[in-house]
**Student:** 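Here it is, the structure in full.
Just so it is clear, the structure is predicted and the values come from calculations on it, not from any experiment. Below, all heavy atoms of this structure are taken into account, side chains as well, without hydrogens, waters or symmetry copies.
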Amino acid sequence: MRMPNMHWAFLFVVLLAHSCNGFYLPGSYMHTYSTGDKIFAKVNSLTSIETELPFSYYSLPYCKPDEGIKKSAENLGELLMGDQIDNSPYRFRMNVNESVYLCTTPPLSEHEVKLLKQRTRDLYQVNMILDNLPVMRYATQNGIKIQWTGFPVGYTPQNSNEDYIINHLKFTVLVHEYEGRGVEIIGTGEEGMGVISEGDKKAASGYEIVGFEVVPCSVKYDSETMIKLHKYDNITSPSCPLELEKSQVIRQQERVSFTYEVEFVKSDVRWPSRWDAYLKMEGARVHWFSILNSLMVIFFLAGIVFVIFLRTVRRDLTRYEELDKEAQAQMNEELSGWKLVVGDVFREPEHSKLLCVMIGDGVQITGMAAVTIVFAAFGFMSPASRGMLLTGMIILYLFLGIIAGYVAVRLWRTVKGTTEGWRSVSWSVACFFPGIVFVILTVLNFILWGSKSTGAIPISLYFILIALWFCISVPLTLLGGFFGTKAEPISYPVRTNQIPREIPERKYPSWLLVLGAGTLPFGTLFIELFFILSSIWLGRFYYVFGFLLIVLILLIVVCAEVSVVLTYMHLCVEDWRWWWKAFFASGSVALYVFLYSINYLVFDLQSLSGPVSAVLYLGYSLIMAVAIMLSTGTIGFGMSFYFVHYLFSSVKID
């Protein structure tokens, strides 16, 4: 008896797991340290929720490492997000509690003072990383404990014109003693899946870092005494002063001494759970409320669709099919509503090429979003892998070009009845949405270059993105278009008349109904949209991808239902121009998303300062709105096309 392929595959995986020393998918191996091992912290770009312009850590007069500034390897997503991770002089020794001197700056120049004051008043945060964990600090506001990632460059006391720099850091490193007893670590929130074999038990023993916290202080030192010290000399641990006279003021010709202390604290938190503190899901009830709200909209629309199909359409078709040929001929003369447009319903729409292109791009964006959210929901794209989400989205978008080309060209062939012009359609699909994004990003990039922000895309990365676009996306889209020419076009169930039927006048313009239809999909989306915008612009981690996956499924259902209902309403009033209306019935949700983004800017991002920050915000929001329009419009159009095709394939009218 032959063993099934699935059994062979399972046996192969088991043997591979036993033969290997250990593996992790995806991500890097868990680090374990012995007592006294040196660990160096890294620094990311300085960020602010007031300006949204990231700047390099070393743009300010901080202490530099002896070996010089070295950039960490960054992926495509990190570079596009403006991350710039560098090495730093902050050195820790595992399980060694110490208070250390770092360096003293030369007298601050006028330019340095101006820059420090500006960064302090713009609420810039220093983002430090140890063993891939961002530093966290806790603050109490109105009796509520709030956690933040990073610590401020400085602070400005109330009723004071002076600014004070943070120059002493009290670090707490939480460690968990790992003795190699836990042989398996599967489904870690950070690294995906891992197995440590028995052979690695001893090698893996040691301490693992499971937390990284900081208390920032401003301490005024005697610079003459401090400059006599050498880097990493031990000092007496200072207490954080409450009096401003004992804090380090930012002033010209002042010399700032930087120090830090570290305390290692044993923790019961295990390495797979160390990100839980960062990913605490806030507002779970709000997410569930959002989903229940969406379900109510779905059931309401489903009821309407049910009435259309079963009570109206089915009743008419059944009655029609029960008549003999003579009675059918007589009834054809008395037809009304959607049956009257049978000879025009599949007439080629205006700007048919643009419609095919937008549908192709919509399929590409929808596929990218769906696959990314599914992978993220199952834990394959964690915040531990910085930039992985954006990198994954770009790679998926590039390779889904083959499906976009196929769908667009097949629809083109269906509408036109010929393959002529398919290359032009394929090229347009490959360049339409990426071209819009490229133009907006170029404008925003000039603004970022002018501000000398690390958020600006380097010229080298521009060439890499263009190369990916024209060397992967364009050829795959053309290949998909070629396959589309070989596929059979979708055959229409009824013939189209040579002379188009006149459309009766309406009391109100049909585009009002189309725009109004977008409010229903927006109702399913807007609560989750608030959390997404907060994670992007307020520096919070977004990791409730399970909720986002449910919202995506509900959004797809609502878009399909809205578009079908609106298409049926237009056909009933003898309006056969349903193609574009079906697209924008669900696609108009993008307008409400963009308006909501403006509302969020005005009421929730009140701290955002300056026209540059507002232009950046609106630019990125516009890209998001265009992507949502193409995606939701494609979903609505696809369902409406299927509905119209099914409806008229059931009618036997000559």
**Student:** Does Leu525 reach the side chain of Tyr592, with side-chain heavy atoms less than 4.5 Å apart?
**Tutor:**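 They are not in contact (no side-chain heavy atoms under 4.5 Å apart), so the answer is no.
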**Student:** Over 60° means perpendicular and under 30° means parallel, so tell me whether Trp578 and Phe641 are parallel, tilted or perpendicular.
**Tutor:**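 Ring orientation, 0 to 90° scale: tilted.
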**Student:** Using side-chain heavy atoms (C-beta onward) and a distance below 4.5 Å, is Asp361 in contact with Tyr397?
**Tutor:**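 Yes, close enough: below the 4.5 Å cut-off.
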**Student:** For the CD atom on Glu348, are there more than 12 heavy atoms of other groups (residues, nucleotides or ligands in this structure) within a distance under 6.0 Å?
**Tutor:**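 Counting other residues, nucleotides and ligands, CD of Glu348 exceeds 12 neighbours.
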**Student:** Ring-plane angle category for Trp422 and Phe482, please: parallel below 30°, perpendicular beyond 60°, tilted otherwise.
**Tutor:**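 Because their plane-to-plane angle lies in the 30° to 60° range, the rings of Trp422 and Phe482 count as tilted.
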**Student:** With no hydrogens and no angle check, do the side chains of Ser563 and Ser640 hold a donor and an acceptor under 3.5 Å apart?
**Tutor:**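 On atom types as modelled, these side chains qualify, holding a pair under 3.5 Å.
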**Student:** Less than 3.5 Å apart, which donor and acceptor atoms pair up between the side chains of residues 365-375 and the rest of the protein, not counting sequence neighbours?
**Tutor:**
| from | atom 1 | to | atom 2 | distance (Å) |
| --- | --- | --- | --- | --- |
| Thr366 | OG1 | Gly362 | O | 2.7 |
| Thr366 | OG1 | Ser631 | OG | 2.7 |
| Thr372 | OG1 | Met368 | O | 2.7 |

**Student:** Look only at the side chain of Ser451 and the backbone of Ser453, and say whether a donor-acceptor pair between them is shorter than 3.5 Å.
**Tutor:**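 Here the side-chain-to-backbone pair does not exist.
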**Student:** Evaluate the ring planes of Phe470 and Trp427, with Trp represented by its six-membered ring, and classify them as parallel (under 30°), tilted (30 to 60°) or perpendicular (over 60°).
**Tutor:**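 Aromatic pair Phe470/Trp427 classed tilted.
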**Student:** Is there a side-chain contact between Leu520 and Glu561, using heavy atoms and a 4.5 Å cut-off?
**Tutor:**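 Side chain of Leu520 against side chain of Glu561, heavy atoms only: no contact under 4.5 Å found.
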**Student:** Can you list the residues that meet the side chain to side chain contact (heavy atoms under 4.5 Å, CB included) rule with Leu398, with sequence neighbours excluded?
**Tutor:**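 For Leu398, the residues satisfying side chain to side chain contact (heavy atoms under 4.5 Å, CB included) (neighbours in sequence not counted) are Ile394, Leu468, Ile472, Ser473.
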**Student:** Does Phe637 offer a backbone N or O that forms a donor-acceptor pair with the side chain of Trp579 under 3.5 Å?
**Tutor:**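 Checked: no pair found.
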**Student:** From Ser352 OG over to Ile359 CD1, what is the distance, rounded to the nearest 0.5 angstrom?
**Tutor:**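 Interatomic distance, Ser352 OG to Ile359 CD1, rounded to 0.5 Å: 12.0 Å.
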**Student:** About how many Å separate CD1 of Ile556 and OG1 of Thr634, when rounded to the nearest 0.5 Å?
**Tutor:**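 Going from OG1 on Thr634 over to CD1 on Ile556, the span is 11.5 Å.
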**Student:** Backbone N or O of Gly405 within a donor-acceptor pair of the Ser426 side chain at under 3.5 Å?
**Tutor:**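 No, Ser426 side chain to Gly405 backbone: no donor-acceptor pair under 3.5 Å.
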**Student:** Parallel, tilted or perpendicular: which one describes the rings of Trp580 and Phe583, with boundaries at 30° and 60°?
**Tutor:**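 The rings of Trp580 and Phe583 stand perpendicular, inter-plane angle above 60°.
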**Student:** So does Ala487 get a backbone contact from the side chain of Arg413, meaning a donor-acceptor N/O pair under 3.5 Å?
**Tutor:**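 Checking the backbone N and O of Ala487 against the side chain of Arg413, a donor-acceptor pair under 3.5 Å is found.
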**Student:** Is the closest side-chain heavy-atom distance between Val345 and Tyr492 below 4.5 Å?
**Tutor:**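 No, too far: nothing below the 4.5 Å cut-off.
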**Student:** Of the options Thr442, Val437, Ile436, which is the one that meets Ile440 in a side-chain contact (heavy atoms from CB on, under 4.5 Å)?
**Tutor:**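 By the side-chain contact (heavy atoms from CB on, under 4.5 Å) criterion, Ile440 pairs with just one of Thr442, Val437, Ile436: Ile436.
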**Student:** According to side chain to side chain donor-acceptor pair (under 3.5 Å), who are the partners of Asn445, at least two apart in sequence or on a separate chain?
**Tutor:**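 Asn445 satisfies side chain to side chain donor-acceptor pair (under 3.5 Å) with no other residue.
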**Student:** Is the distance between the ring centroids of Tyr462 and Phe438 less than 6.0 Å?
**Tutor:**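 Yes - the distance between ring centres of Tyr462 and Phe438 falls below the 6.0 Å cut-off.
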**Student:** Distance alone, cut at 3.5 Å: any donor-acceptor contact between the side chains of Thr419 and Thr485?
**Tutor:**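 Note: Thr419 and Thr485 side chains miss the donor-acceptor criterion.
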